[in-house]
Amino acid sequence: MRKLENAELAKWVYFCQMCSWFTWFCATRTLTNTMEAVLGTFALYYYPLEGSRTKNSTKYLIFVALGFIIRPTAVILWIPLVFCQFLKEKKKIDLLVQQCLPVGLFTFGISFVIDRVFYGKWTFVQWNFLKFNVLQNMGAFYGSHPWHWYITQGFPVIISTHFPFFIHGSILAPRRYRILLVAVIWTVFVYSMLSHKEFRFIYPVLPLCMVFCGFSITRLKWWKKPAVGFLIISNLLPALYTGLIHQRGALDIMSYIQQQCKAENMSTSLLVLMPCHSIPYYSHVHCRIKMNFLECPPDLSDHDSYVDEADLFYVSPMAWLNAEFYNTTQLPTHLVMFSVLEQEILPFLTAHHYMKTASVFHTQLPEGRVGSHIYMYEQKT
């Protein structure tokens with residue numbers, strides 16, 4: 001924005017991005033959506049927007065292609081931007097042959113080679129991603145939302161208190177920035193067609209929204225300081241709460257699991273009786289203790305009666321445990337669970353001499369299978 005407009009506007013765009021609670025929520029986590037947003041911002045720097053002094057079609061297409069390789073749905077945001085450039089480009093054949101084609105062949109060539117090495121066979125990962133998540137709609141296995149969810153909940157939540165400034169800035173911004181607004185609307189619309197929805201999926205549109213927020217704050221005169229104070233306070237509180245308090249137990253419990261590594265007891269085994277992927281697992285445990293969790297793989301065979309292991313367990317936890325461990329020599333030495341499960345399997349814990357050795361806070365908003373605390377039990381012989 002400093003190159004396109006001036007340092008003053010750039011300062012406020014940067015401020016809006018950095019004080020966004022959702023930026024702090026996503027950027028501190030190892031999400032591919034964060035890298036998608038970063039690569040998208042780099043691409044935007046070189047995008048041939050009217051008046052840009054840094055436009056370079058080859059460079060911006062490289063960043064778009066890298067984003068696509070990492071997460072194929074990254075291309076959704078760039079469809080209207082690339083289409084707009086193509087319509088305005090006088091030498092369309094040169095754009096396709098001299099820039100799009102070489103960039104595509106180079107980046108996809110590297111991707112194919114890397115996947116060939118690690119899979120041991122030729123694999124088109126991007127096609128598999130699109131087929132699994134879009135064509136077969138397997139993502140719905142992990143939850144689905146109504147079509148309007150991004151409009152009524154998703155987008156308002158991630159943009160939060162920046163929303164009135166976004167609307168104001170959209171009206172004030174010069175006409176050449178309308179393509180960015182089109183890209184935001186288009187992305188939200190396309191993602192709304194997919195049944196499985198998450199807040200983080202539309203995180204890459206946030207930097208584009210902050211461009212318009214910057215225009216809004218720059219034009220404010222008497223209300224500038226109150227607006228800045230309002231944005232800081234209203235975003236600081238949710239940023240701190242979601243970053244330091246809400247659902248922190250999944251990380252805190254890992255320190256107790258790591259202690260089993262220090263004991264160097266190779267007979268240690270741990271079973272996580274929680275919804276699948278509730279804890280970071282081996283990424284935070286760098287030793288060879290045996291760990292298992294309730295699995296929830298999608299049904300690739302398309303059976304109508306398919307029930308994953310996690311759902312099967314929660315139908316009757318006691319029955320599952322008794323069936324799974326009819327041979328008591330196979331019992332794990334440690335169990336990890338949410339507090340809501342404790343009373344339901346207490347007879348099993350008592351019968352097999354499990355004692356609570358750790359309790360960590362997780363959330364003030366327990367819901368369903370997720371409890372307010374996470375417990376670790378150890379078998380005492």
Side-chain angles (χ1 to χ4, degrees), residues 29-33 71-73 119 123 125 127-146 149 191 194-201 247 249-251 253-254 257 269-285 289-327 330-332 334-349 352 354 362-363 365-377:
R29 288 163 169 79
T30 51
L31 301 171
T32 53
N33 308 92
R71 191 173 181 85
T73 47
Y119 280 100
T123 307
V125 172
W127 165 249
N128 291 341
F129 181 96
L130 291 171
K131 182 173 71 172
F132 182 91
N133 288 287
V134 180
L135 301 181
Q136 296 179 336
N137 196 29
M138 287 291 186
F141 180 78
Y142 297 101
S144 59
H145 296 84
W149 187 84
Y191 272 108
L194 304 177
S195 57
H196 180 60
K197 299 174 176 67
E198 294 184 34
F199 292 110
R200 62 186 176 94
F201 289 170
Q247 296 186 347
L251 288 178
I253 197 66
M254 298 311 295
I257 298 175
S269 58
L270 184 140
L271 175 60
V272 183
L273 297 175
M274 303 162 74
C276 55
H277 313 305
S278 290
I279 63 172
Y281 214 53
Y282 278 113
S283 66
H284 281 56
V285 180
I289 63 173
K290 182 181 179 181
M291 295 200 298
N292 287 297
F293 65 95
L294 301 173
E295 297 185 2
C296 57
D299 177 23
L300 299 178
S301 56
D302 198 25
H303 289 157
D304 293 336
S305 59
Y306 175 78
V307 181
D308 65 60
E309 185 180 36
D311 284 339
L312 193 63
F313 168 79
Y314 280 104
V315 168
S316 180
M318 279 294 296
W320 187 93
L321 288 168
N322 289 326
E324 188 75 10
F325 300 108
Y326 65 91
N327 182 354
Q330 301 297 317
L331 284 168
H334 294 75
L335 297 172
V336 176
M337 69 194 76
F338 280 119
S339 53
V340 291
L341 182 65
E342 183 184 43
Q343 289 301 314
E344 197 165 353
I345 64 169
L346 191 58
F348 179 88
L349 299 173
H352 297 287
Y354 282 100
H362 184 62
T363 179
L365 304 169
E367 181 182 8
R369 299 172 180 177
V370 178
S372 60
H373 289 72
I374 297 177
Y375 298 152
M376 176 185 279
Y377 274 80

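The chain is numbered in sequence order, starting from 1.
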Could you tell me how the ring of Phe313 sits relative to the ring of Trp320: parallel (under 30°), tilted (30 to 60°) or perpendicular (over 60°)? perpendicular
State, yes or no, whether a side-chain contact exists between Asn33 and Glu198 at a heavy-atom distance under 4.5 Å. no
Classify the ring geometry between Tyr377 and Tyr375 as parallel (under 30°), tilted (30 to 60°) or perpendicular (over 60°). perpendicular
So Glu324 and Leu271, side chain to side chain contact (heavy atoms under 4.5 Å, CB included) or not? Walk me through it. CA-CA 12 Å; Glu324 188 75 10; Leu271 175 60; over 6 Å; no
Please report the interatomic distance OH(Tyr281) to CG(Asn292), rounded to the nearest 0.5 Å. 5.0 Å
Stepwise, does the side chain to side chain contact (heavy atoms under 4.5 Å, CB included) test hold for Cys296 with Tyr142? CA-CA 9 Å; Cys296 57; Tyr142 297 101; 4.0 Å; yes
Any side-chain heavy-atom pair of Val134 and Leu194 under 4.5 Å: yes
With side chains defined as the heavy atoms from C-beta onward, is the minimum distance between His284 and Leu251 less than 4.5 Å? yes
Apply side chain to side chain contact (heavy atoms under 4.5 Å, CB included) to the pair Cys276 and Glu309, showing each step before the final yes or no. CA-CA 9 Å; Cys276 55; Glu309 185 180 36; over 6 Å; no
Using atom types as modelled and distance alone, determine if a side-chain donor or acceptor of Tyr326 lies under 3.5 Å from a backbone N or O of Leu321. no
Counting C-beta onward and ignoring hydrogens, is there a side-chain heavy-atom pair between Leu270 and Met376 closer than 4.5 Å? yes
Please determine whether side chain to side chain contact (heavy atoms under 4.5 Å, CB included) holds for the pair Val285 and Met254, giving the CA-CA distance in whole Å, both sets of side-chain angles, and the decisive distance to 0.1 Å. CA-CA 7 Å; Val285 180; Met254 298 311 295; 3.5 Å; yes
Hey, can you tell me if His352 and Phe348 have their rings parallel, tilted or perpendicular (30° and 60° cut-offs)? tilted
Report the relative orientation of the aromatic rings in Phe338 and His362; use parallel for angles under 30°, tilted for 30 to 60°, perpendicular for over 60°. tilted
Just wondering, do Tyr314 and Leu294 contact through their side chains at under 4.5 Å, heavy atoms? yes
